[in-house]
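Order of the sequence lines sets the chain letters (A, B, ...), proteins ahead of strands, with each chain counted from 1. Only a predicted model underlies this, so the values are computations on that prediction, with no experimental measurement involved. We use all heavy atoms of the structure for the numbers below, so side chains are in, but hydrogens, waters and symmetry mates are not.
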2 protein chains.
Amino acid sequence: MADSTPSPALQLGNQLCFAVYAATHAFTRVYKPLLEPLGLTYPQYLVLLLLWERDDRSVKELGEPLFLDSGTLTPLLKRMEASGYVTRRRDPTDERTVRVSLAAKGRALREKAPAIPEALFCASGLSVEQLASLRRAITEVSGRLRESAKEGPASPVRQKPSRGRAPAPARMRRPR
Amino acid sequence: MADSTPSPALQLGNQLCFAVYAATHAFTRVYKPLLEPLGLTYPQYLVLLLLWERDDRSVKELGEPLFLDSGTLTPLLKRMEASGYVTRRRDPTDERTVRVSLAAKGRALREKAPAIPEALFCASGLSVEQLASLRRAITEVSGRLRESAKEGPASPVRQKPSRGRAPAPARMRRPR
DNA sequence: CGCCATCGCATTGCGCACAATTTAATCGGA
DNA sequence: TCCGATTAAATTGTGCGCAATGCGATGGCG
């Protein structure tokens with residue numbers, strides 16, 4: 001057997017996720033040599049982009065646009081704090097939330113940062129219009145997926161609750 | 001200070017890498033609940049897609065379209081071998097290369113796999129034409145970046161050679 | 001035949017990504 | 001006032017992603 005054309009729409013779904021996955025790595029490889037001398041990784045740079053746009057955000061507010069949770073961001077932000085790009089402190093009005101702000105080094109970097117997206121623009125060899133429409137299309141898809149994720153799977157599927165994780169024996173929280 | 005519009009093209013570069021990064025995670029979250037009951041992760045599924053298209057590839061051939069190297073693929077493929085999806089064996093004509101082939105379980109999965117991209121298609125809520133043009137655009141950009149990566153950075157940048165790694169005390173290779 | 005450059009994979013160490021769990025703070029109602 | 005539910009981070013364990021290192025296999029050279 002082995003059907004020859006399983007349906008254009010289904011082929012497309014796989015090709016698309018494949019292409020996006022590969023594109024992320026392609027972008028990472030363009031940015032990495034530029035970020036390395038700054039002591040930044042690619043996700044750390046994306047966090048800086050968010051803070052340049054609007055400073056002083058909670059961890060949750062940083063994770064939402066990137067589809068990341070606190071488990072990923074906490075150690076990442078601690079490293080950024082250690083390298084002097086941001087500061088972390090508890091919100092006085094709600095001790096549960098940690099607010100992340102730009103430190104001097106993070107603000108200063110903003111001035112020389114334009115060289116970084118410029119490299120991507122040159123390497124892509126595409127016009128501003130092409131890149132703009134591509135960005136719009138990708139953002140559109142992400143938005144749709146985000147919405148339908150909230151309302152549960154749109155297809156006849158279901159989610160298994162467990163998969164064997166691990167205990168969490170100890171805690172230590174903020175010494176105060 | 002703090003310029004208001006640093007240039008549309010540069011803004012665009014950042015917005016685009018940001019959008020692609022977020023889209024990858026959005027796709028992952030749609031596929032994960034579908035792949036979990038099969039014992040597959042998202043990158044493992046992408047490897048299966050490649051093998052369904054053409055079986056019996058070397059590790060290098062698998063890594064190229066995904067922008068992944070052997071350091072990432074070797075443990076991933078070992079897990080896929082352990083769960084019965086693929087087989088790994090040395091090429092008899094060149095003992096250096098490892099060839100990866102579909103095992104029975106991997107071939108069998110192909111039949112029920114269409115349910116997976118279908119979920120993405122439904123969740124996206126976009127037309128086949130929109131998805132197709134999006135796929136074309138992303139593939140185009142990835143291809144350009146791949147090319148310009150070969151010829152070195154297109155911008156006035158340079159790559160630092162070292163970054164402090166670690167020793168590699170032991171080896172063990174194929175017992176034969 | 002032996003030397004050496006090159007190629008291809010495995011291994012190691014670090015950082016990102018996520019699910020599950022725990023702790024702490026806040027808010028609502030009895 | 002006290003109790004339960006909700007919310008926000010942090011922590012832990014597993015798996016992905018990459019740079020650097022090591023070694024066997026191959027091939028060109030004398």
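- Rounded to whole Å, the distance from NZ on A:Lys32 to P on C:dG15 is 11 Å.
- In this structure, of D:dA10, C:dC9, D:dA8, it is C:dC9 that holds the atom nearest to the side chain of B:Ser70.
- Atom C1' of nucleotide C:dC9 and atom CZ of B:Arg90 are separated by 6 Å, given to the nearest angstrom.
- Atom CG of B:Asp69 is separated from atom C1' of C:dT11 by 12 Å (rounded to the nearest Å).
- The residue A:Tyr42 sits apart from the nucleic acid: no heavy atom pair falls under 4.0 Å.
- Below the 3.5 angstrom threshold, one finds no donor paired with an acceptor across the side chain of B:Thr74 and the base of C:dA10.
- Atom CZ of B:Phe27 is separated from atom P of C:dC18 by 15 Å (rounded to the nearest Å).
- A donor-acceptor contact under 3.5 Å is not formed by the side chain of B:Arg96 with the base of C:dC9.
- Between B:Glu64 and B:Lys60, no side-chain nitrogen of the basic residue sits less than 4.0 Å from a carboxylate oxygen of the acidic one, so the salt-bridge criterion is not met.
- Within 4.0 Å (heavy atoms only), A:Leu73 reaches no atom of the nucleic acid at all.
- Ranking D:dT26, D:dA9, C:dC9 by closeness to the B:Val98 side chain, first place goes to C:dC9.
- Side-chain N/O atoms of A:Lys78 include one lying less than 4.0 angstrom from OP1 or OP2 on D:dT11.
- Comparing D:dA10, D:dG15, C:dC9 by their closest approach to the side chain of B:Lys60 singles out C:dC9.
- Residues forming a side chain to side chain contact (heavy atoms under 4.5 Å, CB included) with B:Val59 (at least two apart in sequence, or on another chain): B:Ser70, B:Leu73, B:Leu77, B:Val98, B:Val100.
- In this structure, the CD atom of A:Glu36 is 12 Å from the C1' atom of C:dC14, given to the nearest Å.
- Residues satisfying the side chain to side chain contact (heavy atoms under 4.5 Å, CB included) criterion with B:Phe121, sequence neighbours excluded, are A:Ala9, B:Val128, B:Leu131.
- In this structure, B:Val59 and A:Gly71 both approach DNA chain C, and ranking their closest nucleotides by distance from the 5' end singles out B:Val59.
- Distances shown here put a side-chain N or O of A:Ser58 below 4.0 Å from the OP1 or OP2 atom of D:dA9.
- You'll find that the side chain of B:Asp94 is closest to D:dT26, out of C:dC18, D:dG17, D:dT26.
- Nearest nucleotide to the side chain of A:Thr97, out of D:dA9, C:dG15, C:dC9: D:dA9.
- With sequence neighbours excluded, the residues that form a side chain to side chain contact (heavy atoms under 4.5 Å, CB included) with B:Asp55 are B:Leu51, B:Ser101, B:Leu102, B:Arg107.
- The distance between atom CG of A:Leu40 and atom P of C:dC14, rounded to the nearest whole Å, is 19 Å.
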Give every pair of a protein N or O atom and an N or O atom of nucleotides 1-3 of chain D that lie under 3.5 Å apart, one pair per line with the distance.
none

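- For the pair A:Leu77 and B:Phe67, both in contact range of DNA chain D, the more 5′-proximal nearest nucleotide belongs to A:Leu77.
- A:Leu76 has its CG atom 14 Å from the C1' atom of D:dA10, to the nearest Å.
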Inset, instruction - Under the ring pair (Phe, Tyr, Trp, His ring centres under 6.0 Å) rule, what do B:Phe27 and A:Tyr21 come out as? Steps first, then yes or no, please. - result: CA-CA 9 Å; B:Phe27 281 33; A:Tyr21 186 85; over 10 Å; no
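- Among the protein residues, B:Thr93 comes within range of the sugar-phosphate backbone only, with heavy atoms under 4.0 Å from sugar or phosphate atoms but none that close to a base.
- For B:Arg88 and C:dA10, the CZ to P distance is 5 Å, given to the nearest whole Å.
- Judged as a side-chain hydrogen bond (donor to acceptor under 3.5 Å, both in side chains), and not counting sequence neighbours, B:Tyr42 has no contacts.
- Residue B:Gln44 is in sugar-phosphate contact alone, with no base atom involved, counting any heavy-atom pair closer than 4.0 Å across all strands shown.
- Using a 4.0 Å heavy-atom cutoff across all strands shown, A:Arg99 reaches no nucleic acid atom at all.
- In this view, B:Gln44 and B:Leu40, B:Thr41, B:Leu76, B:Arg79, B:Met80 satisfy the side chain to side chain contact (heavy atoms under 4.5 Å, CB included) rule, not counting sequence neighbours.
- Of the inter-residue distances, the one linking A:Ile138 atom CD1 with A:Arg136 atom CZ reads 11.5 Å to the nearest 0.5 angstrom.
- Within the structure, every side-chain polar atom (N or O) of A:Arg29 is placed at least 4.0 Å from both OP1 and OP2 of D:dA19.
- Salt bridge A:Arg88/A:Glu81: present, at least one basic N to carboxylate O contact under 4.0 Å.
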